[in-house]
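In what follows, a single structure is set out as structure tokens and then discussed.
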Amino acid sequence: MPTITIDGEQYQVDDDQNLLSACLAQGINLPYFCWHPAMGSVGACRQCAVVEYRDAEDQRGRLVMGCMTPVRDGGIYSVNAENAREFRGGIIEDLMTNHPHDCPVCEEGGECHLQDMTEMTGHTNRRYRGSKRTHRNQYLGPFINHEMNRCIACYRCTRFYRDYAGGDDLQPLGRNNQVYFGRQRDGMLENGFSGNLVEVCPTGVFTDKTFSEHFVRKWDLQSAPSICEHCAVGCNTAPGAREAGNGQDALLRRVVNLYNRDINGYFLCDRGRFGYDYVNSDARIKKVLAARGDEMIGSTAGAGDRVHGEVHPREGVQKFAEILAAVQRGQRRLIGIGSTRSSLENNFALRQLVGGGNFYSGLSARDLELLHLVDRVQRDDRIHSPSTPDIENADAILILGEDLDNTAPRISLAVRQAARNRQKQQAKKLKIPLWQDASVRQLRGEHSPVFFAGTEISGLADVANATLFDAPGQIALFADAIAQLIQGSDAAAMDLAADRRELAMRTADTLLAAKNPLIISGCSSRYGDLIRGAGKVATAIANRTATNCALYLACPEVNSLGLAQFFSPGRGHLEQLTQELHGKERDPLTLVVLENDLYRRADPQTVERILSCADEVILLDSLLNSTVKRADLIFPAAATAESQGSYINSNGQTQRFYAVYEGGGYIQESWRWLADAASFCEQITADLSVIAAWQHSMDLSEAVAAEFPTFEALEKVGPDEDYRIDGLKVARQGHRYSGRTAVRAKAEVAEFPPHLDPDAPMAFSMEGIQSPGATPLSANIWSPGWNSNQSIFKFQQGIGGARKGAKGPFKIRRQSQSIPDWTISAAEPEQDEEQLITLPIYRMFGSDELSASAAAIASVIEVPFALINRADAERLGVQPSQLWRLHTDGNSYSLRMHVSDTQPPGTLGVPCGLPGLEAVSSQLPGRAQLKPLPATETGETP
Amino acid sequence: MSSIFEPEVVEVMEHSKSGPNRIETRLSSKEKEEIDREFSHYEDKASVGLEALRIVQKHRGWVSDESLQAVSAYLNIPIAQLESVATYFQLIFRQPVGKEVIFLCKSASCWIMGCNRLQKKIEEKLQIKPGETTEDGIFTLLETPCLGDCDRAPVMMIGEEMHRNLTDSSIDEIIENKTLYHAEGSGHADQSAD
Ligand code: SF4
Ligand code: SF4
Ligand code: FES
Ligand code: FES
């Protein structure tokens, strides 16, 4: 550990770093722009100047850029020297010659790194009186605003977008005083991580356009630590909410990254950043709705569809309670369907209400089996589920069937960094520090090996060294071959085509030779043998190398792995439920559906069969969906940002999210509706009284942990509701939160008492602990002089380290169990001329249920389409962009055809979950027939 | 480029002024041949971008959006990356220019030796400002930093030829010669026509 002297003080600092990050780590405020903790230094902005002295004798020293200067043991530096201060002030003054004086109307204002640095350098007086250069702004799509006049040419945007995230449509254009950061022409930024520009750009050039729709200053937002609910990666977020101010319900106004070293680091994907707006959508359920008995004249509702009217919550809960009472009397049966997108607490509450034997997952047998397979494989001690930094460290990667950019986006970004490891190794050999970003990136040579085998690869195509496109069955066989090769089988004896055998051998050799090999697969191909194959490859490597092998298995939804833990393999799926219901004559039946749109889980006929058996359907959910139409009683469920609970991510990590704000209308957590119903029962049984007694979210967390030792970590992931720091709760609002009384002055001038939070040791007000350094419960990342999110370094254990005070990661506890020696055999039926095999593909925008209702995302979702192989297209006479009709058992869909060179022959790629295609999704992979649209229909352009 | 990048000195010109402008969206076989020849000098296709732009400009006089697209497709380089190169180099024209492009040096030595006065003279004589092209489509005036010929300042470059120790009268002479050269019926080939 080198010792350095800065302004007369001695510091012990970490090796191999630059002076700027050393200063920041020591809490010394040294201004900077172009350096980024995840992207290193390029020395572009000249803002971080310090004086370096030759030795103790040297009185003058020389100016150096902190970010470009490696720390030297015994080095003597000054941050405060007059000439260094003057230089830094001068840089700001220069930048300001072109920067507009528009802070009051700039959306960056109040969390602007340029404002902060300007303050910090003390440059308060502008001498420049000339005109400023101006630019025209571009339309960059529905997510991001562009205001180029504010640019200070630090190059962070293109370094992130192009170098870090692999985007190719944002570039520095022009030069000198005219340099411009934009696209070749107006249009949506194509990269799925574009939203990070909002945080990466230190000025107001790139700002969040969805936030603009309901903008307030950062200091006026209330926030709490949350978890992105749009895939199973489990990125940490800091959503911000505020009263509407016009008497309407409070709005969730935006989502920004919340640093978690092990998962998302500094970056989110665009689905996660812009998906939040679904909670504000018109489709939001905010009231208790009940089906109306009377016939509606002229109603457009289809057969079996209900027409709903609002009822008072008391009435709704009363009805629910009557049902519970009938159940207690043995006159009614109660069946509950849980959800992979709801918290452990909600699912557990429903399970307790209906009883374990009557609780179902709401997943098809196939989908639930996939989750159990993931679970089974992860239980093997030879396998470990890698964190994001682990993934970034991998030096050889095999991806099996997972189009990461669309199924686990943040993981794709990590894989992209891993692809640079060979380059980084070379840099180390040449003694180039890794933070010397431009020099390291200039090193030529191959990427670290990334092999992809699957149906479709989107963003990572440019870093993949080898790709194999085929149907999942074939990919599973390929994986099996690799596993066998690693175990030392004879390649010649394998029943594989020559090129495939060659690729399998190359992959096996590369993985074995790697120091940190990584296998990635998951549920998205919906093919069990693929997960088995991935498990076999990973364990084969582990056997050979005698260390455990990293295997990332991506699950579909935020709590998929959590829900699966409630069921033993083979139990709890919809097929079993159908069987159960169609048995002998039984008592009247009430079905309680928790945050689940069954029409996304199974084909319409199956769902119909289930729903028609129920005399009553009670639904708790946040958005109107197809299942709503069939429900008799609907309770408005809180969205993630409005509630507290826990999710288990793909890695088996337990994470807690906290309510950012109170949902409008009668919204509350689903478990609270259940508890309310229980407490309304007149004659309350022991079981019900336990449920009725739940007061805090933590009561449930503890109950889950007590009943399921798997979830024992639930008691540790966060503090109880009665935890205090110096006798205080943690404030969700910042010091400068404004308009506490004025915000509701339209209705009432009196100051309202803040909402009470029964669940967390946090206040929905300004009162309490404000410092993000005191507790990770504080999501308002801010430090004196550092108003932007850049201030996060103040709360890390060393630059890029874990958040101060963060505990964990808390993995779920599972009995270790070696995976069996699965046999993987070719199971795919013969292709026939008439039918095509439909394979699931995914889209960042559209495949996820909730984010598809966020206005900005909805505006860019593709119309229903399918990918067809070029040869098949020619054979069938399919023209690009033509509408064709896909016929599955009893259903049909119009699809716009996209001709693809990589779609495996004989197959059709059908986007899972895309609005309009929800119903077909559950049947993928499957078989279907493609027919030309009848002439009468082809005119339509959806 | 849809005019997002608009250098101070280059103003948008009307296409009609620079004569008939057939926009070719595909590379000619001649252009391709010349570009292919460059491959041997570079490690990868992407590095040929700048040369390819020069070649296209040689044949077409300037690089239109369509030309940029054609090069991007041919070299398989993202169009934004190519635009970044095109807008960085001053000698790549992203807007139509006249047949003779005058680069007048505006750096220190030439400034001491009176380039501002000469610039005024050129502007008056041709009735254009920097960045503009004459009505007849012959001259475009651009300013440039030091051309490396300070000992013979003031200087300007027209096309690829240097004109040194400029005076009012030498400017008159050069411009008149060029005008004559391009006068109608002179039989000289239009360089953008091949
Ligand atoms: S747009 Fe922002 S990030 Fe990009 S160079 Fe300008 S100031 Fe830096
Ligand atoms: S990767 Fe997944 S969890 Fe992370 S921000 Fe994107 S959608 Fe959310
Ligand atoms: S941060 Fe050091 S030069 Fe920009
Ligand atoms: S200043 Fe004009 S040639 Fe150098």
Side-chain angles (χ1 to χ4, degrees), chain A residues 97-98 130-141 145-149 151 153 155 157-163 165-191 194 197 205 441-447 459 461-462 901, chain B residues 1-12 23 25 41-50 52-53 56 63-95 103 106-107 130-131 142-146:
Chain A
T97 58
N98 276 327
S131 57
K132 293 172 185 273
R133 65 103 177 82
T134 54
H135 291 291
R136 293 184 197 175
N137 302 320
Q138 287 182 318
Y139 168 77
L140 297 177
N145 295 310
H146 196 216
E147 181 50 70
M148 257 310 292
N149 290 344
C151 178
Y155 284 75
C157 51
T158 46
R159 289 181 58 223
F160 170 77
Y161 192 88
R162 194 183 54 186
D163 300 347
D168 62 10
D169 58 336
L170 181 79
Q171 288 281 350
L173 304 170
R175 63 172 188 177
N176 300 348
N177 216 19
Q178 296 290 338
V179 65
Y180 186 99
F181 296 83
R183 283 172 44 92
Q184 201 273 330
R185 54 181 65 233
D186 285 31
M188 178 165 152
L189 286 169
E190 287 157 12
N191 189 279
S194 66
L197 292 174
V205 176
R441 284 187 192 272
Q442 239 155 47
L443 298 174
R444 295 247 165 193
E446 286 241 311
H447 291 301
D462 61 320
D901 289 318
Chain B
M1 183 170 75
S2 51
S3 70
I4 43 120
F5 169 61
E6 199 182 19
E8 251 159 2
V9 292
V10 182
E11 301 211 330
V12 182
I23 291 174
T25 56
H41 304 313
Y42 297 92
E43 263 186 47
D44 55 48
K45 257 189 160 186
S47 320
V48 184
L50 177 58
L53 291 173
V56 166
V63 180
S64 65
D65 284 0
E66 291 76 8
S67 310
L68 199 69
Q69 220 134 39
V71 175
S72 153
Y74 187 63
L75 296 180
N76 196 12
I77 308 178
I79 191 161
Q81 189 180 327
L82 211 53
E83 183 77 285
S84 179
V85 172
T87 52
Y88 181 82
F89 289 99
Q90 210 190 356
L91 294 180
I92 300 291
F93 305 130
R94 286 289 282 111
Q95 290 166 354
F103 293 96
K106 298 290 303 274
S107 286
L142 295 176
E143 298 172 332
T144 179
C146 182

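Only heavy atoms go into these numbers, but all of them, side chains included; no hydrogens, no water, no symmetry mates.
Considering every non-hydrogen atom in both A:L173 and B:A80, the closest pair reads CD2-O, 4.0 Å.
Partner of B:E83 under the side chain to side chain contact (heavy atoms under 4.5 Å, CB included) criterion, chosen from A:R185, A:Q184, A:R183: A:Q184.
B:T87 is not listed as a side-chain neighbour of A:Q171, based on a closest heavy-atom distance of 4.5 Å or more.
Heavy-atom pairs under 4.5 Å with chain B peak, among A:M148, A:R162, A:R444, at A:R444.
The structure places OG of B:S84 at 13.5 Å from OH of A:Y180, a figure rounded to the nearest 0.5 Å. For the atom pair CD1 of B:I79 and CG of A:D168, the computed distance is 11.0 Å after rounding to the nearest 0.5 Å.
Other residues, nucleotides and ligands contribute at most 12 non-hydrogen atoms within 6.0 Å of the OH atom of B:Y88.
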